[in-house]
Amino acid sequence: MNQTIFNKLRPIFAVSTNIEEEALLKKIATHQDPYLFLTENNRLRAYVDLKNLKTEKIDYSNLHINQIFSNAISIDKLGTFKLNQTLSLPFIFQALGQPIVLVKNEQNDITGYVRREDMLAGMFREETKNINILRVLLASIPMGLFVIDHEYKIVNCNESGLKMIRSEADEVMGKDARIIFHKEQVNEVFATGKTILNQIRITDEMGVLVDYSPIETSNGNVEGAIIIVQDLPMVEEMAMEIEAVKNLNSDMNAILSTIYDELVVVDHTGNILRHSENYIRDFWKGELNELVGKNILDLEKKGDISPSITKLVLEKKEKVSRVQEGKHGKKVLAVGNPIFNEKGELQRVVIASRDITENTKLKTELKQTREITKRYKQELTRLKTMTAEPSHEIIYCSAKMQQIVNQVEKIAKFSSTVLVQGESGVGKEMIARAIHQKSNRSNNPFLTINCGSIPENLLESELFGYTKGSFTGADMKGKQGYFEQAHEGILFLDEIGDMPMSLQVKLLRVLQESEVVPIGSVTAIPVDVQIIAATNKDLKGMVEKGTFREDLYYRIHVIPIRVPPLNERSEDIPLLAYHTLQKLNQRYDKNYHFSPDALNLLENYSWPGNIRELQNLIERLFVTADEDVITAALVDQFMSNGIVKKAKPMVNGIMPLQKAKEEVEEQLILLAMKKFGTTTKAAEALNISQSAVSRKYQKILQNE
């Protein structure tokens, strides 16, 4: 046996399994040997690795005998060899799997043990066939291995490791490992004796994943370390990607520096993270770059800005537009956009602000206004000249309204009953008039009656008419009802959900029999009338509650048309606003215009009162404006609030929730790609990552 291994031979520290706990702990404390051997009937049976049981310091006082014995390992698992024995390859591999190896003398008695590290160190000094095979095996390990001594010098390594760090043996051997690998981590291993795993090391020469493991003596001192490296081809790609991101960041900073608007980015708690180079002076207290790291909500509490757009976005978790006023009286139009992560959590708020008090920018704004005015004039001229297409008198440019106009043109060719549904003020009567103008009944009457604004007794006489003397106060000549007056034309029953139940029965009879019996008469009069009904109520829900007749509901629900609210077709808002303003200009011989910021503020408002509210606000702005240009500041004064409400998707039937989510997601992605054209802009509009949009959009295209 190699003399080096013989010098590392350690004595057997053994106790009987019948020993009492107190005596056992006393022996352990006295000998301080890391390995305890157990005997039974004077024969060595097992061993215990006390290092696995002790605490951070060498302290065995808290151990218990049951704890020690339960961790005993049979010595049959240990490798055993005699002095001067030639080592076989199977024995070498057995030794590699256990922490110690037993040593026997010539009489076959166990005389001690050696640690695996000591045995391997001695074996490498023997030039035997098996040792050469072992060296070949170690050299063929795909992971890189580097051994360093107590002076941090590299004393051994394999070819895999050299290839991974792109070096030669003479460039590495004997060199300080802290020059090649992380200095701080190597020092930490020697200082603490702890293993450090999964550390990425990227230099110009290499990109590897590194593990650091200490080599300890029996008393816990670190006398060296083993460094294991794994090649990561993707690490270099990651480094290149990081460099690309840095370049992209530089490009973005350059782009931001050319943008006129001020951009401020804050986190989900309101802390200012970064801002564009251009910012509004005299609005912030001090320089904006001095506020990075501070909380923007605190500035509002101090009265430096009012109101805080960030606070509104954090509360509502949706886009918000407001006019803010700084401490020096400067006003800016601020638009706050929430940015969400993949989990739907609000991560950032981006605030775009524009100074609306600077007269130096008025010339540019007027030029933009004239260009917009020119486009809207061309659009209105086109609408006016299309006299052969009366349905186009509906002012719109959105895809949703285009679908309704297409539907109107189709159903106008027939006399089927139509039910127009939608919120108050969306223009339900305009849809009914468009059907009349497009139909073959256009030369005949179009009459409208509000079923909710007339008392029940008068509503009956208005609808069906009456004969002379049929009731007190009646006209002596009698009167034709709306059904008779609308013969061969169209009768528009507005707010039909408010019609009393007693009249619903009579209305159903007229629809079924196409004849009407006036009050005070017994003679039925044939009528040819197309019915268009309208409501802002849930008629089906009223049927379930018993407040609306089910048979009448299905009689009028032949062709339903749902007119979307204004906040679902925000692209129509500028056109409607301009159309309303032009009508007022023509009536009063004025020439008022909207500034681009004013139109932007109108477009971002929720409009709970729909078109009617928009028209009323435009007239109010028209009357109160002091100058020809209606600014965002003036618009903000008359808005009840500036918060955009989320448009809720419509669901027309029951389906699994997951399927509904997938369909809504698919529609949103298709709409965003159709509108913006690129995955980057679509991702920004949807508040998700560009990679997510690209992946989901490709999947949609493949399934089509």
Side-chain angles (χ1 to χ4, degrees), residues 198 200 202 209 232-253 255-256 263-276 292-293 295-297 309-321 335-352 568 570 604 643-651 655-704:
N198 301 324
I200 293 178
I202 300 176
L209 189 67
L232 295 179
M234 294 300 295
V235 171
E236 293 185 5
E237 296 180 15
M238 290 167 57
M240 295 176 63
E241 185 174 347
I242 291 172
E243 185 64 25
V245 171
K246 289 181 179 178
N247 294 334
L248 180 61
N249 188 49
S250 299
D251 294 341
M252 289 300 298
N253 287 333
I255 293 172
L256 290 176
L263 297 179
V264 178
V265 181
V266 303
D267 64 16
H268 65 285
T269 63
N271 293 322
I272 300 176
L273 300 178
R274 57 186 62 88
H275 61 84
S276 59
V292 174
N295 196 289
I296 201 170
L297 302 179
I309 199 78
T310 304
K311 182 178 180 181
L312 296 175
V313 175
L314 293 177
E315 290 176 351
K316 301 295 181 180
K317 291 182 173 58
E318 54 190 29
K319 183 179 179 181
V320 176
S321 299
V335 180
N337 287 279
I339 307 298
F340 300 91
N341 59 21
E342 291 287 348
K343 298 179 181 179
E345 301 168 339
L346 194 149
Q347 190 174 22
R348 296 284 189 272
V349 177
V350 179
I351 306 165
E568 290 185 15
S570 58
N604 283 284
I643 301 171
V644 179
K645 294 184 178 178
K646 281 187 178 177
K648 297 181 179 179
M650 295 296 296
V651 179
M655 67 177 68
L657 182 59
Q658 184 60 36
K659 182 180 179 182
K661 290 180 178 179
E662 293 173 354
E663 290 187 2
V664 170
E665 180 180 81
E666 179 177 332
Q667 293 177 28
L668 286 173
I669 291 175
L670 289 175
L671 285 173
M673 289 300 297
K674 181 178 180 181
K675 181 175 182 180
F676 299 104
T678 66
T679 56
T680 301
K681 292 182 178 180
E684 181 180 357
L686 297 174
N687 288 327
I688 60 176
S689 67
Q690 183 273 338
S691 60
V693 171
S694 178
R695 184 179 66 257
K696 295 176 186 292
Y697 184 60
Q698 290 300 323
K699 184 178 179 181
I700 292 172
L701 295 179
Q702 292 174 1
N703 293 334
E704 289 184 348

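FYI, side chains are in, hydrogens and waters are out, and symmetry mates aren't considered; it's all heavy atoms of this structure.
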Task: Heavy-atom pair with the smallest gap, counting every atom of Thr310 and Gly270 - done: CG2-CA, 4.4 Å

Any residue meeting side-chain contact (heavy atoms from CB on, under 4.5 Å) with [X], in chain and number order, not counting sequence neighbours:
| X | value |
| --- | --- |
| Lys311 | Leu297, Glu300, Ser308, Glu315 |
| Asn341 | Lys343, Glu345, Gln347 |
| Val265 | Leu273, Arg274, Arg348, Val350 |

Task: Contacts of Glu662 that satisfy salt bridge (charged side-chain N to carboxylate O under 4.0 Å, His left out) - sequence neighbours left out - done: none

Give every donor-acceptor pair under 3.5 Å between a side-chain atom in residues 683-695 and any protein atom, sequence neighbours left out.
residue: Asn687; atom: ND2; partner: Pro338; partner atom: O; Å: 3.1
residue: Ser689; atom: OG; partner: Glu342; partner atom: OE2; Å: 2.7
residue: Ser689; atom: OG; partner: Ser691; partner atom: OG; Å: 3.2
residue: Ser689; atom: OG; partner: Ala692; partner atom: N; Å: 3.2
residue: Gln690; atom: NE2; partner: Thr679; partner atom: OG1; Å: 2.8

Open item on the list: Rounded at 0.5 Å granularity, tell me how far CG in Asn295 sits from CG in Asp267.
Closed with: 7.5 Å

- [ ] To the nearest 0.5 Å, tell me how far Leu314 CG sits from Leu346 CG.
- [x] 6.0 Å

Task: Heavy-atom check, side chain of Asn198 versus side chain of Leu209, under 4.5 Å - done: yes

Task: Which residues share a side chain to side chain donor-acceptor pair (under 3.5 Å) with Glu665, sequence neighbours left out - done: Lys696

